[in-house]
Amino acid sequence: MNFSILKCALFCALLTCLLNANIAFAQTTRHPLTNGWKFYKYAEGERPDSLIYDARPDANGNSDGIAADAKPTEAVKIAAAKGILKYYILPTGNAFVKDESKRTTRPDGNPGNNFPFVQNTFNDAGWQSVTLPHDWAIKGPFYQGPGTIIGGGMGRLPVQGVAWYRRKLDIAAADARKSIFLDFDGTMSYAMVWVNGTLAGGWPYGYNSWRVDITKYVVPGGKNQIAVRIDNPANSSRWYPGAGIYRKVWLTKTSPVHVAQWGTFVKADAVSAKSAKISFSTTISNDSKTDGNYIVKTTIYLTDASGNKTGAAVANIAPASIAVKASSNNSATGNVTIANPKLWQPLPAKIHSKYVAVTTVTNGGKTLDVYETPFGIRDVKFDAKTGLVVNGVKTLIKGVNQHSDLGALGMAFNRRAAERQLEILRDMGCNAIRMSHNPPDPQLLELTDKMGFLVMDEVFDGWERKKTALDFHLIFPEWQEQDLRAMIRRDKNHPSIILWGFGNEVGEQYTDKEGAALATRLINIAKDEDPTRPYTLSMNYAKADMPLPQVVDVIGLNYQGEGIRNAPAYAGLQGITAPPSFPAFHAKFPDKVILSLENAAAVSSRGEYMFPVYDGDSSPIKDGQGGDSKTRQVSAYDLYTVDFGSSADKVFATMAKHPFVAGGFVWSGWDYLGEPTPYSLSRSSYFGIIDLAGFKKDRYYLYQSQWRPELPMAHILPHWNWPNRIGETTPVHVFTSGDEAELFLNGKSLGRKKMAQYEYRIRWNDVKYQPGELKLIAYKNGKKWAEEILKTTGAPQKLSLAADRSTIKADGDDLSFITVRVADADGSTIPSAKNVLNFSIEGPGEIVATDNGDAANMVPFPSHQREAFNGYALVIVRAKAGKTGIIKVKAETDGLAGGVVMVNAK
Ligand code: GAL
């Protein structure tokens, strides 16, 4: 090789190297930190380290009290003690504090640096290995009985205490000129992060996503260690909050000049089928030490259902030149009109189109950042006369409230489990979700976009006044702005979100003008983040003539709309009573849309029927009237409610009488962990239309009959296996999308009846039980519409297994939900079966959890043995990462034929 060739080769190698460096430099990378975590939790009774965020009031004692209908009390003021770390944590939120003079600076010093757990040299080999997301409490065991540190309210699971997570980080030497961040999607709670022994930041609120800049604490090319401390107090929540790093954590690397965290906002105006005007703003962060001028360019593409770009660009926003000073931010804006936009459509539409805006930041031809903003184009109007109008179509909100837990999987977010919750709700005809009462995992909003649900995103369950002793009122004074802005900034580009909630039943409803002033302050902050959507509060107490409702854009009522303790069976109960307040709000605010943000609070246990049956349409629950405090079960005739609630029937009737109400959200869609009203010794709620395991309670069909009137259906209750009730009065109720029905018992007509106005079920109250066959023929407008048969089953014979999906991804994350039924020879479910079932698994999968939907059941979720509850049990199977093949799940029980199901891990 001659010298010049060598020179050329060297030059070329150098050039490639530089180009690669430039490309590596240009790309923002985001890697989930899923594996490699070590976990340690102080044992109960063990005194944890003293690296506390802030001093806390003394609030020992049990948390059995169920605060749902309680009046929130004043905030507790605590004098911050010496040695607290919050002054090191507050600067993490600076990007969400608008007034620069109110931002805080990290004090000097390095608290905790002497503590072994934060040090690189600490040997954590003996700690538990965990993968994220992780909820340390979900495996239990459940605390049982009265007076436990965690009572029914918080789900009787060991959420309380301090724990540490440690992980090594590889940061390449080539990353030396990059900005490096840890992005936490959610940490429960009071998270604080040390990097190589230095306290880098944290975020106390457990439901928001947050970022900590670790650039100056990492050693590129060296060994890096992160340590995260989590501190989750007892008495800090009205429901099960989960515990730990329960959502994803990302390692994000950017060029020092990059699009800021959640730094883009797409607004669509003048939307029609013909065109849409898109305004786009981008905030650029310059983390470098030099001022600079940058070109920001954005190109828009249509995406397919998986979010991938399709076809050529549909629009380009003219490049903008923008000056960004060192260590600061600046924003660029631009507009473009898209012709014939594919509109995002809510359910029941089947296609929910989305776009992606690809923003490129360059300097002198060099690409510094490429940032993608998925968004949707739709026109949403809240009109006091029509209600909600989406893309020109009046859209009744048929919504449910959903908590964040995923039943037996706890709070550790799993995309498939969340998708299954939405699928079952969608089949019911539900088109809207209220994220009660906190920002969800960001993936859930990807799902609501993709599946066409309308969403109310909500940030707080309380402000300054507390609902439980140690809830987030403790941090509200110092974090209200950061938490409010963080939710909106993260979520505002989702087309599914139509409404923001900034407080649920807050105690400030009771403080007249003061409460309204605080609400005004919050709404002004919120509108600075997103002026395009309306803001609402959930008001269960505030009346039309009080100052609070004046402040909000949309009137949001909890329970009072349909009246509180306002039906014959509720007379004489303690507590607030109120007639339906819809008319008063409508009269006072003729220009505001009214929504029922929480209604029903009806309770039931799937498959439990109690006699006698209440003959009106709504009754409070008590022993002998729909309830049994010994077995902790509630009758599934679905007429019973908590004291302040109303049955589904009563809610539908009230809505029908007040057609100006734009719809509402049922409390609740699914059962959830904690808040087991009325039986605090239980573990999970009774409110769900769907039980904790995902099995449908009877009222699922009541909602379906009203929300999918075009679907021919009829549902009969109770079951028809009553060997001890022969000859006894056993009322038969029917939900149908028809308007008339005839019931036959063993071939003999029990009469053809019409659904009366403002009634939502047809009843045959005097049926004398005889085993055999109930047959129902439903009619609509005089024509046969649907048929349903319910039979007394034969003796239990076998176990029958069915998987919701028989092929799953072998990625260590995807799940198959397997329904196990105790069945007779014909395959009909034995409706009262409580057999103890044993589960086993072969092949490349594992049983993550089992459940049966029984709120009173205290068997820990990981157990491979579980009783059927009224014929059903659930097994949740996860495929092992990278291992394909057939997973075989078996169920066995004494005296019956076992059952098997195969799931293919691909
Ligand atoms: C409401 C509250 C909900 C839930 C519900 C049922 O008052 O907003 O979070 O507690 O009652 O108890």
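As the structure lists them, so they are numbered: ligands from 1, and atoms in each ligand from 1.
- Atoms of ligand 1 lying under 4.0 Å from any heavy atom of E505, numbered from 1 in the order shown and given with element: 1 (C), 2 (C), 7 (O), 8 (O).
- Of the polar atoms of H403, none of the N or O atoms is found under 3.5 Å from an N or O of ligand 1, judged by distance alone.
- Taking distance alone, with nitrogen or oxygen atoms compared against 3.5 Å, W239 stays at or beyond that limit from ligand 1.
- Within ligand 1, the atoms closer than 4.0 Å to a non-hydrogen atom of E598 are 1 (C), 2 (C), 3 (C), 5 (C), 7 (O), 8 (O), 11 (O), numbered from 1 in the order shown.
- Residue contacts with ligand 1 for N401 are absent, since no atom lies close enough (heavy atoms, distance under 4.0 Å).
- Residues Y703 and F735 fail the side-chain proximity criterion, which asks for heavy atoms closer than 4.5 Å.
- For ligand 1, the atoms lying closer than 4.0 Å to a non-hydrogen atom of E675 are 4 (C), 10 (O), 12 (O).
- Counting heavy atoms from C-beta outward, N558 and F644 have side chains that stay 4.5 Å or more apart.
- Residues W210 and T187 have side chains that bring a donor and an acceptor to within less than 3.5 angstrom of each other.
- Within the 4.5 Å cutoff, the side chain of P439 has heavy atoms near those of the Y207 side chain.
- Annotation for P440 and L445: closest pair CG-CG, 3.9 Å, computed over non-hydrogen atoms.
- Atoms of ligand 1 found under 4.0 Å from any heavy atom of H437, numbered from 1 in the order shown, are 3 (C), 8 (O), 9 (O).
- Considering backbone and side-chain N/O of N540, none are found under 3.5 Å from N/O of ligand 1.
- With sequence neighbours left out, L518 forms a side-chain contact (heavy atoms from CB on, under 4.5 Å) with W463, E464, F476, Q480, E508, R521, L522.
- Taking a cutoff of 4.0 Å between a charged side-chain nitrogen and a carboxylate oxygen, D671 and R606 do not qualify as a salt bridge.
- Considering backbone and side-chain atoms alike, W667 places every N or O at 3.5 Å or more from each N or O of ligand 1.
- Judged by the shortest distance from any of its heavy atoms, F644 lies inside the 4.0 Å radius around the atoms of ligand 1.
- Backbone and side-chain nitrogen or oxygen atoms of Y672 are examined, and none is located within less than 3.5 angstrom of a nitrogen or oxygen of ligand 1.
- By the 4.0 Å heavy-atom criterion, T677 is excluded from the residues contacting ligand 1.
- Aromatic ring centroids of F460 and F502 lie 6.0 Å or more apart.
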